Amino acid sequence: MKKIPLKHAEDYYIKVLLRELRLKDIMSTPVISIDVNMPFREIPEKYRKFHIRHLPVTGGPEGKLVGLLSERDLFRIHSPHRNEEGEWVYDREELNSIILRNVMVRNPFYMKEDDCMGEALVRIVENKFGCIPIVNKDMQLRGIITQEDILRVAAQIYLE
């Protein structure tokens, strides 16, 4: 990771901020998620309708986090094509043949609501994560942190 030069005072205050800021204060809620048994053909509509790129996958009666599917995963699994109106569409028959539990990222990395922003930032950078699902002690989905959420906080700090 490339290091930028900081003065000692700046370095100190940034570290304090990153340690003190809790994920529950910056995570996106409510989370748009999908059930592990959802028909795969419904997934592209979720991305389009909610303007998102990551879908946590939940399962069981308690709705525990069991997986993650990104829009990039969807493109890799089945590429869309343009229709006569120039819109990107998917072949619904092809999508019907895909089983979510077979293509999702199983047991994705997650964090808890009281974890700090600094740790999330390190994990995103080191592992090139696009998002981190946030769960409670029972593994129920509480929120999601994306690269955009972190950039939003940085922009807010700069503007204040």
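Residue indices begin at 1 and follow the sequence shown. Not measured: the values here are computed from a predicted model.
Using a 4.5 Å cut-off on side-chain heavy atoms (C-beta onward), Lys15 and Arg19 make contact. Residues Val57 and Leu100 are in side-chain contact: their nearest non-hydrogen atoms beyond the backbone lie under 4.5 Å apart. Within the 4.5 Å cutoff, the side chain of Leu21 has heavy atoms near those of the Val153 side chain. Looking only at side-chain heavy atoms (C-beta outward), Val66 and Met104 come within less than 4.5 Å of each other. Annotation: side chain of Leu18 is not in contact with side chain of Glu119 (no heavy-atom distance under 4.5 Å). Under the 4.5 Å side-chain criterion, counting only non-hydrogen atoms from C-beta, Pro44 is in contact with Leu95. The shortest side-chain heavy-atom distance between Met117 and Asp25 does not fall under the 4.5 Å cut-off. For the pair Leu55 and Lys46, the minimum side-chain heavy-atom distance is below 4.5 Å.
Contact check on Asp149 versus Arg152 returns a salt bridge, with a Lys/Arg side-chain nitrogen under 4.0 Å from an Asp/Glu carboxylate oxygen. In this structure, Arg22 does not pair ionically with Asp115, as no charged nitrogen and carboxylate oxygen lie closer than 4.0 Å.
By the 6.0 Å contact criterion, CD on Glu84 is open, its count of non-hydrogen atoms from other residues, nucleotides or ligands being 12 or less. More than 12 heavy-atom neighbours from other residues, nucleotides or ligands sit within 6.0 angstrom of CZ on Phe50.
When all heavy atoms of Pro80 and Trp88 are compared, the closest pair comes out as O-CZ3, 3.6 Å. A pairwise comparison of heavy atoms in Ile32 and Pro56 identifies O-CD, 3.4 Å as the closest pair. Considering every non-hydrogen atom in both Leu23 and Ala120, the closest pair reads CD2-CB, 3.7 Å. Residue Phe40 comes nearest to Val103 through the heavy atom pair CE1-CG2, 3.7 Å, listed as atom of the first residue, atom of the second, then distance. Considering all non-hydrogen atoms of both residues, Arg106 and Asn102 come closest at NH2-OD1, 4.2 Å. Taking every heavy atom of both residues into account, Ser33 and Leu141 meet most closely at CB-CD2, 3.7 Å.
Taking CE of Met38 as the start and CZ of Arg101 as the end, the distance is 13.5 Å to the nearest 0.5 Å. Residue Glu148 holds its CD atom at 11.5 Å from CD1 of Ile52, rounded to the nearest 0.5 Å. We find the CZ-CD distance between Arg48 and Glu87 to be 8.5 Å, quoted to the nearest 0.5 Å. Atoms CZ and NE2, from Arg53 and His51 in turn, are 12.5 Å apart once rounded to the nearest 0.5 Å. One finds the CD atom of Glu71 at 13.0 Å from the CZ atom of Arg76 (value rounded to the nearest 0.5 Å).
Hydrophobic clustering keeps Leu68 apart from Leu74 (ILVMFWY residues linked when any side-chain heavy atoms are closer than 4.5 Å, directly or through intermediates). In the hydrophobic cluster analysis, where Ile, Leu, Val, Met, Phe, Trp and Tyr join through side-chain heavy atoms closer than 4.5 angstrom, Ile132 is grouped apart from Leu65. Following chains of ILVMFWY side-chain contacts shorter than 4.5 Å, one cannot reach Val105 starting from Ile34, and the two form parts of different hydrophobic clusters. With hydrophobic clusters built from ILVMFWY side chains whose heavy atoms lie under 4.5 angstrom apart, Phe109 does not share a cluster with Val135. Linking Ile, Leu, Val, Met, Phe, Trp and Tyr residues whenever their side-chain heavy atoms come within less than 4.5 Å leaves Ile134 and Met139 in two separate clusters.
Asn96 and Arg41 share a side-chain donor-acceptor pair at under 3.5 Å.
Asp138 places no side-chain N or O within 3.5 Å of a backbone atom of Gln140 that could act as its donor or acceptor partner. Of the possible donor and acceptor atoms, one in the side chain of Gln147 sits under 3.5 Å from a partner among the backbone N and O of Phe129. The closest donor-acceptor contact from the side chain of Asn127 to the backbone of Arg123 lies under 3.5 Å. Panel note: side chain Tyr47, backbone Ser70; a donor-acceptor pair is recorded below 3.5 Å.
In this pair, Tyr90 and His78 present their aromatic rings tilted. The plane angle is within the 30 to 60° band.
Screening Ile144, Ile145, Thr146 for a side-chain contact (heavy atoms from CB on, under 4.5 Å) with Met27, the sole residue that qualifies is Ile145.
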Check against side chain to side chain contact (heavy atoms under 4.5 Å, CB included), Arg82 and Val89: CA-CA 6 Å; Arg82 288 199 186 264; Val89 295; over 6 Å; no

